[in-house]
Undergrad: 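Submitted below is the structure of interest, expressed as structure tokens.
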Amino acid sequence: MKKHVEALITSSLEQLQNTGKLPQGIEANIKVERTKDRKFGDFSCNVAMILAKAAQCSPRELAQSILDHLPPSSQLVKAEIAGPGFLNFFLEAEAYHDVIGDILKAKEKYGQCNLGQGKKVLVEFVSANPTGPLHVGHGRGAAYGATLGNFLSEVGYRVHREYYVNDAGRQMDILATSVWLRYLELLGEKVIFPRNGYQGDYVKDIAQQIQKNKGNALRHSADAIFTPDIPTDLQEDGSGDKEAHVDALIQKAKTLLGASDYAYIHLQGLNDILNDIRQDLGEFGVEFDEWFSERTLTQSNHLDKAIQQLKAAGHTFEEKGALWFRATEFGDEKDRVLVRENGQHTYFASDVAYHLNKFDRGFDFAIDIFGADHHGYVPRIHAFMKALGMDPNRLQVHLVQFAILYRGKERLSMSTRSGSFVTLRELRKEVGNDAARFFYVMRKCEQHMDFDLELATSKTNDNPVYYIQYAHARICSVFRQLAEKQLTWDEQQGLQNLTTLTQPQEDLLLESVSRYSEIVQASAINYEPHIMVHFLRDLANHLHTYYNACQFIVDDAPLRDARLCLISAVRQALANGLRLLGVSAVESM
RNA sequence: GCGCCCGUAGCUCAGUUGGAUAGAGUGUUGGCCUCCGAAGCCAAAGGUCAGAGGUUCGAAUCCUCUCGGGCGCACCA
């Protein structure tokens, strides 16, 4: 439909160029848009205003010329000039009818297209440290990433979803040490748990499992651990150093346990938490094609190779015993350490290796979805890509802002380390998966968001999730009624009688549902699933209005079949849209 | 101090990349079930788009500054 209007304008413009009224070679991309108001017709175009200068006449004058050269079209009722020079197109009602047939024919495939041309894209998201359960902050990234993946794949990209598992760093050592200390507690050792350790109860659960498997084989006395050479932990009065304290305990664990036993605890913790995360996300409808381990980068030499590449390109230098990347030459605000004085590589080094690896795997482009607190290292990733001669546009970073939880007016605090955070699992349990997925993507991702638990759980108040699901369920209910009345729906006859749909509510609903595939594309190419959310709300509204105004199951069979075609198409669009959002389209509620 | 995100109705947010009279939900007020599901519909009221300049036919949108909020600024991850 939209394409048809575009074709008409293009044809007219070519005519004008051939007759010399427009200069050759100006290639303004013609933008045909849905009108904001029905009184402006169905589609509008601003090309006359844009090209007025080049044509050396007023916008309205040019608009008139364009109108004069429009080729005839059976779908067009009229086209007129409005305001400063808009071209407004009024279409025959029949122009919308094809959409109904298309939807009913394509069913759950309706809305798919080949915009992405099969290009391979890697979407990395969540990637939370496996040091504890996911909390509500991770939930937004999970919902957004999964939904974005759905949209990209719907418009023809080959999407690879990936979770980067930070299984190699200091945080994991802190976890392993925390587990070990809890284990010793279980055996009756008098340990003083470090402030900087992981406090959550899940650590005790892992310790218990280890005790079950290993008995007291990993036991060492508290006296042997808390020796005088360990720096004191942070005290109430502010003295001491919690970082130095925990680092010393890690060293102690490694030496006392030996490499193999330490690795056992480390792995036990990692596996337990990763399994928990995997299950949590699975229940949330978030699946990954790959869980990419940071450790494999070191084991497979990717990390060394990456560092060598930067070295070879001459973008590194040594200072104070460390190896640095000259990031400032590529737009970053400071240079970054790759290898520390103690010989250990930094997180940034493995990130370089990881992103190099992504592109080595043959992806056309990659998308990183980070929490907003990570925005600081977008420039440094782009910096090393530039340093190695890669096009930084091949990596797009989307920052997801935090969600602030409210219960009614009360703001819920979230402190992670203390263990008093709200987990994603708790949230899902309280509000349900559908509402959680919906609320997370309801807002633009870079928008700060208030997540009101009370609103999300309300079934009586106006909850947007239920509002849309209700529209779907209502249509299903109509078809149940039809069966109860021993009536059937003749789809073919309905399609042939769509001209009987002359009610104003039918007009509006038809117009609304015809936008569906445009909305899928807009959501995908802008990386903004919330566009779909707002559309579905709007579509549901038109359905409810129609429902209140007209009876669908009427005696007049052709009219009845036509109306059932219309609402059946609406049901399909609602179902497809909800599926992309990861929300279920229920048949009754 | 420097950088990133943001500021739109009482509240929560849209505004399709510069278009027409700035829109929804919620809240407030008033209507609508003998009828396919009232978790619904309709109507009214509600605005200096944080503020000030600038760019042009035209700005909530782009540029500069100011104010206000969130988040970053490690040889941590």
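Reminder, nothing fancy here: chain letters follow the sequence lines and each chain counts from 1.
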Undergrad: Mind checking the P distance from B:C13 to B:G3? Whole angstroms is fine.
TA: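 Per the computed distance, 27 Å lies between those P atoms.
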
Undergrad: Is a salt bridge present between A:D173 and A:K254, judged by a nitrogen-to-oxygen distance below 4.0 Å?
TA: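 Between A:K254 and A:D173 there is a salt bridge, with a charged N closer than 4.0 Å to a carboxylate O.
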
Undergrad: Calculate the interatomic distance between A:L536 atom CG and B:G25 atom C1'; express it in whole Å.
TA: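 From A:L536 CG to B:G25 C1': 15 Å.
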
Undergrad: Which whole number of Å gives the distance between the P atom of B:A14 and that of B:G7?
TA: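 After rounding to an integer number of Å, I get 8 Å for this pair.
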
Undergrad: Taking the side chain of A:F86 as heavy atoms from C-beta outward, which of B:G19, B:G25, B:C36 is closest to it?
TA: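 The listed nucleotide nearest to A:F86's side chain is B:G19.
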
Undergrad: Contact class for A:F40 vs. all strands (heavy atom < 4.0 Å): base, sugar-phosphate, or nothing?
TA: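 Here A:F40 touches the bases of the nucleic acid.
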
Undergrad: Please determine whether a side-chain nitrogen of the Lys or Arg among A:R560 and A:D555 lies less than 4.0 Å from a carboxylate oxygen of the Asp or Glu.
TA: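 Looking at A:D555 together with A:R560, the answer is no, because their closest N to O distance does not fall below 4.0 Å.
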
Undergrad: Which part of the nucleic acid, if any, lies within contact of A:E518, taking any heavy atom under 4.0 Å across all strands shown: a base, the sugar-phosphate backbone alone, or nothing?
TA: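 A:E518: no heavy atom of the nucleic acid under 4.0 Å.
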
Undergrad: Between C1' on B:U16 and CZ on A:R515, what's the gap in Å once rounded to a whole number?
TA: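 Value for this atom pair: 9 Å.
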
Undergrad: Less than 4.0 angstrom from a charged side-chain N to a carboxylate O is my criterion; do A:E484 and A:R480 meet it?
TA: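 No.
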
Undergrad: Decide, yes or no, whether a salt bridge links A:E333 with A:R380 under the criterion of side-chain N to carboxylate O below 4.0 Å.
TA: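 Answer for the salt bridge query: no.
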
Undergrad: Does the ring centre of A:Y470 sit less than 6.0 Å away from the ring centre of A:H544?
TA: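 Yes, the ring centres sit under 6.0 Å apart.
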
Undergrad: Which listed nucleotide (B:A39, B:C13, B:C4) is nearest to the side chain of A:M589?
TA: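 The listed nucleotide nearest to A:M589's side chain is B:A39.
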
Undergrad: Counting side-chain heavy atoms from CB outward, which of B:A20, B:C42, B:G37 is closest to A:N541?
TA: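 Nucleotide nearest to A:N541's side chain: B:C42.
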
Undergrad: Got a donor-acceptor contact below 3.5 angstrom from the A:S293 side chain to the A:R295 backbone?
TA: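 Yes, A:S293 side chain to A:R295 backbone: donor-acceptor pair under 3.5 Å.
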
Undergrad: Side chain of A:Q551 only, heavy atoms from C-beta on: which candidate in B:C35, B:G37, B:G19 is closest?
TA: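 Taking heavy atoms from C-beta onward, the closest nucleotide is B:C35.
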
Undergrad: What is the distance, to the nearest angstrom, from the OH atom on A:Y440 to the C1' atom on B:C13?
TA: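 Taking atom C1' of B:C13 as the reference, OH of A:Y440 is at 18 Å.
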
Undergrad: Please measure how far the C1' atom in B:G69 lies from the corresponding atom in B:U8, and state the result in whole Å.
TA: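 Rounded to whole Å, the distance is 15 Å.
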
Undergrad: Regarding A:S44, tell me which of base, sugar-phosphate or nothing describes its non-hydrogen contacts under 4.0 Å with the strands shown.
TA: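 Touches a base.
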
Undergrad: For the residue pair A:H315 and A:F330, does the interplanar ring angle fall in the parallel (under 30°), tilted (30 to 60°) or perpendicular (over 60°) class?
TA: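 Answer is perpendicular, since the angle exceeds 60°.
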
Undergrad: Can you measure A:M532 atom CE to B:A14 atom C1' for me and round it to whole angstrom units?
TA: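 To the nearest whole Å, that distance equals 16 Å.
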
Undergrad: Within 90° of 0 counts as syn, otherwise anti: where does B:C33 fall?
TA: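 Here the answer is syn: the torsion falls within 90° of 0.
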
Undergrad: According to the interplanar angle, ranging from 0 to 90°, do the rings of A:F370 and A:H374 count as parallel (below 30°), tilted (30 to 60°) or perpendicular (above 60°)?
TA: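 Tilted.
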
Undergrad: Can you check the A:H530 NE2 to B:U12 P distance for me, whole Å?
TA: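 For the pair A:H530 NE2 and B:U12 P, the rounded distance is 17 Å.
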
Undergrad: Measure from the ring center of A:H398 to the ring center of A:F125 and say whether it is less than 6.0 Å.
TA: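 Between A:F125 and A:H398, which both carry aromatic rings, the centre distance is not below 6.0 Å.
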
Undergrad: Are any of the side-chain heavy atoms of A:H542 and A:S512 separated by less than 4.5 Å?
TA: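 Sidechains of A:S512 and A:H542: in contact.
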
Undergrad: Across the strands shown, which category fits A:E33 at heavy-atom distances under 4.0 angstrom: base, sugar-phosphate, nothing?
TA: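 If one applies the 4.0 Å heavy-atom cut-off, A:E33 turns out to touch the sugar-phosphate alone, with no base involved.
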
Undergrad: Both A:V478 and A:E446 contact RNA chain B. Taking the nearest nucleotide for each, which residue is further toward the 5' end?
TA: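 Nearest nucleotide further toward 5': that of A:E446.
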
Undergrad: What is the distance from NE2 of A:H544 to P of B:A38, rounded to the nearest Å?
TA: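 Atom NE2 in A:H544 sits about 10 Å away from atom P in B:A38.
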
Undergrad: Counting any heavy atom closer than 4.0 Å, what does A:S477 reach on the DNA or RNA strands: base, sugar-phosphate only, or nothing?
TA: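 Base: the residue A:S477, judged by heavy atoms under 4.0 Å, touches a nucleobase.
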
Undergrad: How does each nucleotide of nucleotides 71-77 of chain B score, in 5' to 3' order, for protein heavy atoms under 4.0 Å: base (B), sugar-phosphate only (S), or none (-)?
TA: BSSSBSB

Undergrad: State whether A:E587 and A:R474 are salt-bridged, where the test is any N-O pair (Lys NZ or Arg NE/NH1/NH2 against Asp/Glu carboxylate O) under 4.0 Å.
TA: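 A salt bridge is absent here (no side-chain N lies under 4.0 Å from a carboxylate O).
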
Undergrad: So, A:K358 and A:D368, do they make that salt bridge, N to O below 4.0 Å?
TA: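 Salt bridge between A:K358 and A:D368, a charged N being under 4.0 Å from a carboxylate O: yes.
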
Undergrad: Hey, where does RNA chain B pair up into stems, meaning at least three consecutive Watson-Crick or G-U pairs with distances under 3.5 Å?
TA: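 For RNA chain B the paired stretches long enough to count as stems (3 pairs minimum) are B:1-7 with B:67-73, B:10-13 with B:23-26, B:28-32 with B:40-44, B:50-54 with B:62-66.
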
Undergrad: Measure from NZ on A:K444 to P on B:U8 and round the result to the nearest Å.
TA: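 Computing the A:K444:NZ to B:U8:P distance gives 13 Å.
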
Undergrad: Please report the distance separating the P of B:U12 from the corresponding atom of B:G27, rounded so that it comes out in whole Å.
TA: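 Going atom to atom, P in each nucleotide, I get 15 Å.
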
Undergrad: Under a 90° cut-off about 0 for the syn range, is B:U17 syn or anti?
TA: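 In terms of base orientation relative to the sugar, B:U17 is syn.
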
Undergrad: Using the P atom on both, measure B:C63 against B:G70 and round to a whole Å.
TA: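 After rounding to an integer number of Å, I get 24 Å for this pair.
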
Undergrad: Have a look at A:S58 and say if it touches a base, only the backbone sugar-phosphate, or nothing, with a 4.0 Å heavy-atom cut-off.
TA: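 Since no nucleic acid heavy atom lies under 4.0 Å of A:S58, the category is nothing.
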
Undergrad: So which atom in A:L509 and which in A:L543 form the shortest heavy-atom distance, rounded to 0.1 Å?
TA: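 The pair with the smallest heavy-atom distance is CD1-N, 3.8 Å.
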
Undergrad: Using a 4.0 Å heavy-atom cut-off across all strands, classify A:C550 as base, sugar-phosphate, or nothing.
TA: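 Counting heavy atoms under 4.0 Å across all strands, the contact made by A:C550 includes a base.
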
Undergrad: In whole Å, what separates the P atom of B:U28 from that of B:C67?
TA: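 Each nucleotide's P atom is 39 Å from the other's.
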
Undergrad: Which nucleotide sits closest to the side chain of A:R537: B:C6, B:A24, B:A39?
TA: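 The answer is B:A24.
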
Undergrad: Taking 4.0 Å as the cut-off, does a side-chain nitrogen or oxygen of A:H534 come that near to OP1 or OP2 on B:G23?
TA: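 Answer no for this pair, as no side-chain N or O of A:H534 is under 4.0 Å from OP1 or OP2.
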
Undergrad: Sticking with atom C1', work out how far B:A43 lies from B:C57, rounded to a whole angstrom.
TA: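 38 Å, rounded to whole Å.
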
Undergrad: Using a cut-off of under 3.5 Å, enumerate the N/O to N/O pairs linking the protein to nucleotides 55-58 of chain B.
TA:
residue	atom	partner	partner atom	Å
B:C57	OP1	A:K53	NZ	3.4

Undergrad: Just call it for A:I531: base, sugar-phosphate, or nothing, with non-hydrogen atoms closer than 4.0 Å on any strand.
TA: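 Nothing, no heavy atom under 4.0 Å.
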
Undergrad: Please determine, by modelled atom types, if A:Y516 and A:Q572 share a side-chain donor-acceptor pair under 3.5 angstrom.
TA: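 No donor-acceptor contact under 3.5 Å links the two side chains.
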
Undergrad: Between A:V136 and A:F451, is any pair of side-chain heavy atoms under 4.5 Å apart?
TA: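 With C-beta onward as the side chain, the pair stays apart.
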
Undergrad: Base, sugar-phosphate, or nothing for A:A82, non-hydrogen atoms under 4.0 angstrom?
TA: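 Base: the residue A:A82, judged by heavy atoms under 4.0 Å, touches a nucleobase.
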
Undergrad: Please state the P separation for the pair B:A38 and B:C42 - nearest whole angstrom.
TA: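 My reading of the P atoms in B:A38 and B:C42 gives 14 Å.
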
